[in-house]
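All remarks here apply to the structure that follows.
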Amino acid sequence: MSTVDEDIASICANCGKGEEESDKLKACMACKMVKYCSRECQIAHRPKHKKECRKIAAKLHDIELFKQPPSQYGDCPICFLRLPLMNSGSRYQSCCGKVICSGCFHAPVYDNQGNKVDNDKQNACAFCRVVAPKTENEMNQRLTKRVEANDAQAIYTIGCYYWDGTNGFEQDHTKALELYHRAADLNYVNAYNSIGNAYETGKGVEVDMKKSQHYTELAAIRGEVIARWNLGNREGSAGNADRALKHFIIAVRGGSDESLKMIKDLYSNGFAGKEDYTKALQAYQAYLGEIKSRQRDKAAAANEKFRYY
């Protein structure tokens, strides 16, 4: 005997037909809870279904939005420790397309007898051992080759150069957005956040906060921590402290110390409980435990540009 939900799902919500051919019915694209035998039936039923549909769709959206996403950063391919959130804690290698942590990037290279090798080898990629580019032009040529190989991070990186007008590229927000979209199509999550930022600021496109929210949420759902922090700030500014807190807690688990500070402020102002702040502190300490290493500490002590938390 079928359940009530199964009975509803097996017939057209408007005309009641279609039980014999239930596999041909098409679900409402928003709530997925009702089905229709034709476009005409869906349009006819819309006035009755609209309010409930929006409520269900919003609930389903929030379930997806507030799930803890996987880390987008992965592990260093050499030491196999989690890559840190801070940009200075890792390096993208235009020779092989790998992202290497600051500790492995900075570590000295020795030969089989334990002697430090010459400067060229010291400046070689820690993963593929290709010597680092000596000029900006050489770096750009390598990046271009990576772009031709459909390397999403290289595509995004050149997009950033166009956005800022740096590294030998003239500022061109339209071209930057083209590259961001291309990188996003390859599921490079930082690109979604940059597209959202473009719609928020009106650079290269007309200001459109709905589209900005859409792309920022896509980035956050896929694990982009800065996008998650942005969403928390937006909710806080709108007076939705409970939703802001949810975003900040997820961001803290991804390594955002700024989100930890925001949770502390929410706690100080009575919008978060002591338990919330304690959990956030524990989550951040857990993150530090996953990224810390002696070699990374040595790199950070040697040069500020290698800081990783």
Side-chain angles (χ1 to χ4, degrees), residues 2-11 13 22 25-36 42 45-46 48-74 85 184-185 187-197 199-200 208-256 258-260 262-263 266-267 271-273 275-280 282-284 286-287:
S2 62
T3 65
V4 174
D5 285 345
E6 287 173 339
D7 287 340
I8 292 173
S10 66
I11 62 174
S22 58
L25 298 175
K26 293 186 177 180
C28 170
M29 292 298 291
C31 71
K32 316 291 184 186
M33 298 299 289
V34 296
K35 294 183 177 181
Y36 301 100
Q42 184 174 11
H45 190 246
R46 182 64 180 165
K48 294 180 181 178
H49 178 57
K50 181 169 62 175
K51 186 175 180 180
E52 185 66 17
C53 178
R54 287 178 176 172
K55 187 187 298 183
I56 295 170
K59 186 175 180 179
L60 291 173
H61 175 72
D62 276 2
I63 290 172
E64 182 69 16
L65 180 61
F66 290 114
K67 282 196 303 188
Q68 181 67 40
S71 172
Q72 70 163 105
Y73 301 100
L85 173 62
D185 288 341
N187 207 31
Y188 189 71
V189 297
N190 298 64
Y192 290 105
N193 192 44
S194 294
I195 296 168
N197 177 63
Y199 278 110
E200 181 179 12
D208 189 326
M209 289 307 297
K210 284 187 177 181
K211 287 185 178 180
S212 176
Q213 185 74 7
H214 171 70
Y215 282 105
T216 306
E217 287 183 354
L218 284 178
I221 287 169
R222 286 161 172 78
E224 216 289 325
V225 179
I226 304 305
R228 183 68 65 176
W229 182 79
N230 286 338
L231 292 176
N233 279 330
R234 290 181 186 181
E235 293 289 3
S237 297
N240 302 321
D242 56 334
R243 293 176 67 84
L245 178 61
K246 289 180 181 180
H247 283 304
F248 289 139
I249 286 176
I250 294 173
V252 166
R253 293 181 186 136
S256 173
E258 291 297 324
S259 293
L260 182 61
M262 295 301 292
I263 294 172
L266 288 171
Y267 171 52
F271 295 111
E275 184 178 350
D276 295 318
Y277 184 47
T278 300
K279 284 183 178 179
Q282 291 170 342
Y284 189 68
Y287 162 77

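These figures come from a predicted structure and were not determined experimentally. Atoms considered below: every heavy atom in the structure, side chains included; atoms not considered: hydrogens, waters and symmetry mates.
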Under the rule for side chain to side chain donor-acceptor pair (under 3.5 Å), what residues qualify as partners of [X], not counting sequence neighbours?
X: Arg222; value: Asn187
X: Thr216; value: none
X: Asn233; value: none

Distance, nearest 0.5 Å, that separates [atom1] of [X] from [atom2] of [Y]:
X: Glu258; Y: Ile263; atom1: CD; atom2: CD1; result: 12.0 Å
X: Leu60; Y: Ile56; atom1: CG; atom2: CD1; result: 7.5 Å
X: Arg253; Y: Lys279; atom1: CZ; atom2: NZ; result: 8.0 Å
X: Leu231; Y: Glu217; atom1: CG; atom2: CD; result: 6.0 Å
X: Ser259; Y: His247; atom1: OG; atom2: NE2; result: 10.5 Å
X: Ile249; Y: Tyr284; atom1: CD1; atom2: OH; result: 16.0 Å

Apply ring pair (Phe, Tyr, Trp, His ring centres under 6.0 Å) to Phe271 and list each qualifying residue two or more places apart in sequence or on a separate chain.
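Phe271 satisfies ring pair (Phe, Tyr, Trp, His ring centres under 6.0 Å) with no other residue.
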Answer yes when Asp62 and Arg243 have at least one side-chain N-carboxylate O distance shorter than 4.0 Å, and no when they do not.
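Answer for the salt bridge query: yes.
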Arg228/Glu224 ion pair, N-O < 4.0 Å:
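Salt bridge: no.
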Gln68 atom CD: more than 12 heavy-atom contacts under 6.0 Å
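Counting neighbours around CD of Gln68, more than 12 heavy atoms of other residues, nucleotides or ligands fall under 6.0 Å, so yes.
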Can you confirm whether more than 12 heavy atoms, excluding those of Arg54, are under 6.0 Å from its CZ atom?
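Incorrect, the count does not exceed 12.
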Look at the side chain of [X] and the backbone N and O of [Y], then say whether any donor-acceptor pair between them is shorter than 3.5 Å.
X: Asp276; Y: Gly273; result: yes
X: Lys51; Y: Lys48; result: no
X: Tyr267; Y: Met262; result: no

Is the shortest side-chain heavy-atom distance between Leu85 and Ser256 below 4.5 Å?
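They are in contact (side-chain heavy atoms under 4.5 Å apart), so the answer is yes.
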Between Tyr277 and Leu266, is there a side-chain heavy-atom distance shorter than 4.5 Å?
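Leu266 vs Tyr277: side chains apart.
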Shortest non-hydrogen separation from [X] to [Y] and the atoms involved:
X: Ala30; Y: Ala57; result: O-CB, 3.8 Å
X: His49; Y: Cys31; result: NE2-SG, 3.3 Å
X: Ala283; Y: Val252; result: CB-CG1, 4.0 Å
X: Ala244; Y: Gly236; result: CB-N, 3.7 Å
X: Tyr192; Y: Ala219; result: CB-CB, 3.7 Å
X: Ser212; Y: Gly196; result: OG-O, 2.8 Å

Gln213/Met209 under side chain to side chain contact (heavy atoms under 4.5 Å, CB included): CA gap, chis, key distance, verdict:
CA-CA 6 Å; Gln213 185 74 7; Met209 289 307 297; 5.8 Å; no
Taking the six-membered ring for Trp, are His214 and Tyr199 closer than 6.0 Å centroid to centroid?
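Ring centres of Tyr199 and His214 not closer than 6.0 Å.
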Can you list the residues that meet the salt bridge (Lys or Arg N to Asp or Glu O under 4.0 Å) rule with Lys59, with sequence neighbours excluded?
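So Lys59 forms no salt bridge (Lys or Arg N to Asp or Glu O under 4.0 Å) with any residue.
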Should Tyr215 and Asn197 be marked as a side chain to side chain contact (heavy atoms under 4.5 Å, CB included) after you check the CA-CA gap, both sets of side-chain angles, and the distance that decides it?
CA-CA 9 Å; Tyr215 282 105; Asn197 177 63; over 6 Å; no
In this structure, which one of Lys210, Arg234, Lys211 forms a salt bridge (Lys or Arg N to Asp or Glu O under 4.0 Å) with Glu200?
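Exactly one pass, corresponding to Arg234.
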Does Gln42 have any side chain to side chain contact (heavy atoms under 4.5 Å, CB included) partners at least two apart in sequence or in another chain, and if so, which?
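Side chain to side chain contact (heavy atoms under 4.5 Å, CB included) check on Gln42 returns Tyr36, Arg39.
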